[in-house]
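Beneath this line is the structure, given in structure tokens, with notes to follow.
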Amino acid sequence: AWAGLCETDLRLYDIANDPERFDEAESACQRAKAIDPGLYYEVGVALGKLYRFRGWYSQGEQTVRELIDSNPTEVDAYIELGNILLLQSREKEAEAYLLRAVDLNRGYWRAWEGLANLYYSKNRYPEAAAAYEMLTRLTPDMASGFASTGATYWMMGDTERAMEAYVESIRIKPSRQAYTNIGLLHYYNGDFEAAVTMQKEALTLAPDDHRIWGRLAESYRFLPGEEQASRNAYARAAELAAANLTVNEDDAVTRAMLGLYQIHLGDNGAAKTSMAQALASTPDDPEVLYFAALLEVAVGEADKAVQYIGAAYEADTDYSVFIVADPDLAQLNSHADYKKLLEKFP
């Protein structure tokens with residue numbers, strides 16, 4: 001039961017980015033471990049997830065491998081091991097364990113979800129779409145499956161199917177993921193009022209998610225007379241991102257986003273430090289490189305921005321979907337090297 005509470009709070013932390021949820025999860029997991037030092041598989045899986053969220057990958061891997069040794073047919077253990085290995089950039093091993101989970105129980109939706117998430121995170125979008133489609137067939141009443149399907153089609157450049165999936169997700173159950181991603185679609189389409197509306201809807205479900213506050217702030221930034229609203233949203237986003245980094249200080253994407261929030265708050269020194277730390281830890285991550293470009297645009301360093309955009313595109317060519325539509329990058333359209341980069345896009 002305590003292990004179940006741990007997993008529930010971790011899921012709520014994953015949804016809402018609320019550090020208090022992580023603290024509650026950690027407390028529940030430690031209580032479970034104290035009651036059961038021999039580790040029932042439920043406790044072992046919960047501990048593995050806790051260590052993964054904390055960024056303690058070696059400890060999580062050891063815990064779950066010991067669990068598999070004693071419970072070789074426990075599907076959730078293979079899924080968790082795959083998730084942990086993926087975060088260590090051990091893609092082939094992770095895929096093997098997630099495929100093993102699917103083989104053990106082909107009707108288990110969590111196994112397909114884990115496999116789909118791996119494909120998505122490694123830019124293998126057609127494979128991700130197929131796995132997410134299987135997930136939605138197994139769980140036609142689960143909103144998050146359709147939301148993830150929408151995200152995958154968006155990365156494939158099929159915004160029509162992406163919007164259909166997001167709308168179906170909201171029809172089943174309104175979620176932070178669907179609302180904020182619809183808001184992003186509106187943002188990249190230049191409909192900033194609609195983007196603000198969707199991000200506000202997302203905040204009703206996840207009021208402590210720095211990502212939503214950041215997206216709200218950037219949408220406000222393009223609306224006349226909303227300068228203070230934008231600044232207030234950036235301030236809240238920065239506060240929450242800093243809190244998330246107390247859970248996992250190695251989260252480079254969150255640190256890069258913190259840098260963006262700080263630059264728009266006028267704290268250039270802190271912003272450049274945050275971004276430099278993010279780039280130092282994950283220099284080839286396309287999302288971090290993309291955020292670095294946006295920071296350079298904000299301070300008027302067009303040449304550096306183009307270099308980072310080029311690196312982001314080289315790391316993941318599917319980022320062309322965002323690059324061509326990003327309103328902040330439009331000011332680079334007259335830059336010679338940027339125009340050459342755009343010519344490479346499909």
Side-chain angles (χ1 to χ4, degrees), residues 1-71 73-87 97-98 101 104-105 108-114 116-117 135 138-139 141-145 147-148 172-178 202-212 240-241 243-251 254:
W2 285 107
L5 284 172
C6 175
E7 289 205 44
T8 300
D9 282 318
L10 285 174
R11 175 61 178 154
L12 290 170
Y13 170 71
D14 191 33
I15 291 171
N17 260 13
D18 180 357
E20 289 186 9
R21 287 295 188 182
F22 182 86
D23 292 341
E24 292 174 11
E26 189 168 40
S27 177
C29 258
Q30 294 305 325
R31 181 70 180 271
K33 184 178 179 181
I35 295 172
D36 174 39
L39 295 184
Y40 285 109
Y41 73 83
E42 295 95 343
V43 179
V45 170
L47 282 169
K49 289 183 180 180
L50 181 77
Y51 297 144
R52 169 165 58 90
F53 276 81
R54 176 65 85 179
W56 297 349
Y57 304 135
S58 295
Q59 195 168 345
E61 180 181 348
Q62 180 181 347
T63 298
V64 180
R65 284 192 183 279
E66 290 174 356
L67 182 61
I68 289 174
D69 287 342
S70 57
N71 298 270
T73 60
E74 175 46 48
V75 178
D76 285 307
Y78 287 93
I79 297 170
E80 186 51 40
L81 181 55
N83 292 336
I84 293 170
L85 293 170
L86 178 60
L87 290 171
Y97 281 106
L98 289 165
L104 285 169
N105 188 346
Y108 187 34
W109 66 270
R110 287 188 186 277
W112 286 103
E113 181 184 49
N117 289 344
L135 171 63
L138 291 170
T139 58
D141 58 347
M142 190 172 77
S144 62
S148 296
I172 296 169
K173 182 181 180 181
S175 69
R176 178 271 304 169
Q177 183 184 9
L203 283 175
T204 65
L205 299 170
D208 297 312
D209 191 330
H210 74 86
R211 296 165 297 186
I212 302 172
L240 292 167
N244 283 152
L245 288 170
T246 65
V247 174
N248 183 359
E249 63 180 9
D250 296 325
D251 184 347
T254 294

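FYI, the numbering just counts along the sequence from 1.
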Problem set entry | Test side-chain contact (heavy atoms from CB on, under 4.5 Å) applied to Glu74 and Ile68, step by step | CA-CA 7 Å; Glu74 175 46 48; Ile68 289 174; over 6 Å; no
For this session: Determine, stepwise, if the pair Tyr51 / Ile84 fulfils side-chain contact (heavy atoms from CB on, under 4.5 Å).
Result: CA-CA 9 Å; Tyr51 297 144; Ile84 293 170; over 6 Å; no
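- The shortest side-chain heavy-atom distance between Tyr108 and Leu138 does not fall under the 4.5 Å cut-off.
- Lys49 and Glu80 make their closest contact through CG-OE1, 2.9 Å (heavy atoms, listed as atom of the first residue, atom of the second, distance).
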Exercise. Checking side-chain contact (heavy atoms from CB on, under 4.5 Å) for the pair Glu26/Arg54: CA distance, chi angles, key distance, verdict?
Worked result: CA-CA 9 Å; Glu26 189 168 40; Arg54 176 65 85 179; 3.0 Å; yes
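- The side-chain heavy atoms of Ser148 and Gln177, taken from C-beta on, include a pair separated by under 4.5 Å.
- A side-chain donor-acceptor contact under 3.5 Å links Ser175 to the backbone of Ala178.
- To the nearest 0.5 Å, atoms CH2 (Trp112) and CG (Asn117) are separated by 13.5 Å.
- The side chain to side chain donor-acceptor pair (under 3.5 Å) check on Asp14 picks up Arg11, with sequence neighbours excluded.
- Of the inter-residue distances, the one linking Asn105 atom CG with Arg110 atom CZ reads 12.5 Å to the nearest 0.5 angstrom.
- The CZ atom of Arg65 sits 8.5 Å away from atom CG of Asp69, with the distance rounded to the nearest 0.5 Å.
- Here Arg52 does not pair with Glu61 in a salt bridge; the nearest charged N to carboxylate O distance is not below 4.0 Å.
- Of all the heavy atoms in Leu104 and Val75, the pair that sits closest is CB-CG2, 3.7 Å.
- Within the 4.5 Å cutoff, the side chain of Asp208 has no heavy atoms near those of the Glu20 side chain.
- When all heavy atoms of Gly44 and Thr63 are compared, the pair lying nearest together is O-CG2, 3.7 Å.
- By the 4.5 Å heavy-atom criterion applied to side chains, His210 and Asn244 are counted as neighbours.
- Considering only heavy atoms from C-beta on, Val45 stays 4.5 Å or farther from Val64 through its side chain.
- Here the side chains of Arg211 and Arg176 are in contact, with some heavy-atom distance below 4.5 Å.
- Scanning all heavy atoms of the two residues, the minimum distance from Leu10 to Ala46 falls at CD1-O, 4.2 Å.
- Between the OH atom of Tyr97 and the CG atom of Leu85 there is a distance of 7.0 Å, given to the nearest 0.5 Å.
- Under the side chain to side chain donor-acceptor pair (under 3.5 Å) criterion, Asn83 pairs with no residue at all, not counting sequence neighbours.
- Contact annotation: the side chain of Leu98 never approaches that of Tyr78 to less than 4.5 Å [non-hydrogen atoms, C-beta and beyond].
- In terms of heavy-atom proximity, Asp251 sits nearest to Leu245 at O-CD2, 3.7 Å.
- Of the possible donor and acceptor atoms, none in the side chain of Ser27 sits under 3.5 Å from a partner among the backbone N and O of Asp23.
- Of the inter-residue distances, the one linking Leu50 atom CG with Lys33 atom NZ reads 9.5 Å to the nearest 0.5 angstrom.
- In this structure, the side chains of Trp2 and Gln30 stay at 4.5 Å or more apart for every pair of heavy atoms.
- Residues Tyr57 and Asn248 approach most closely at OH-ND2, 4.0 Å, considering heavy atoms.
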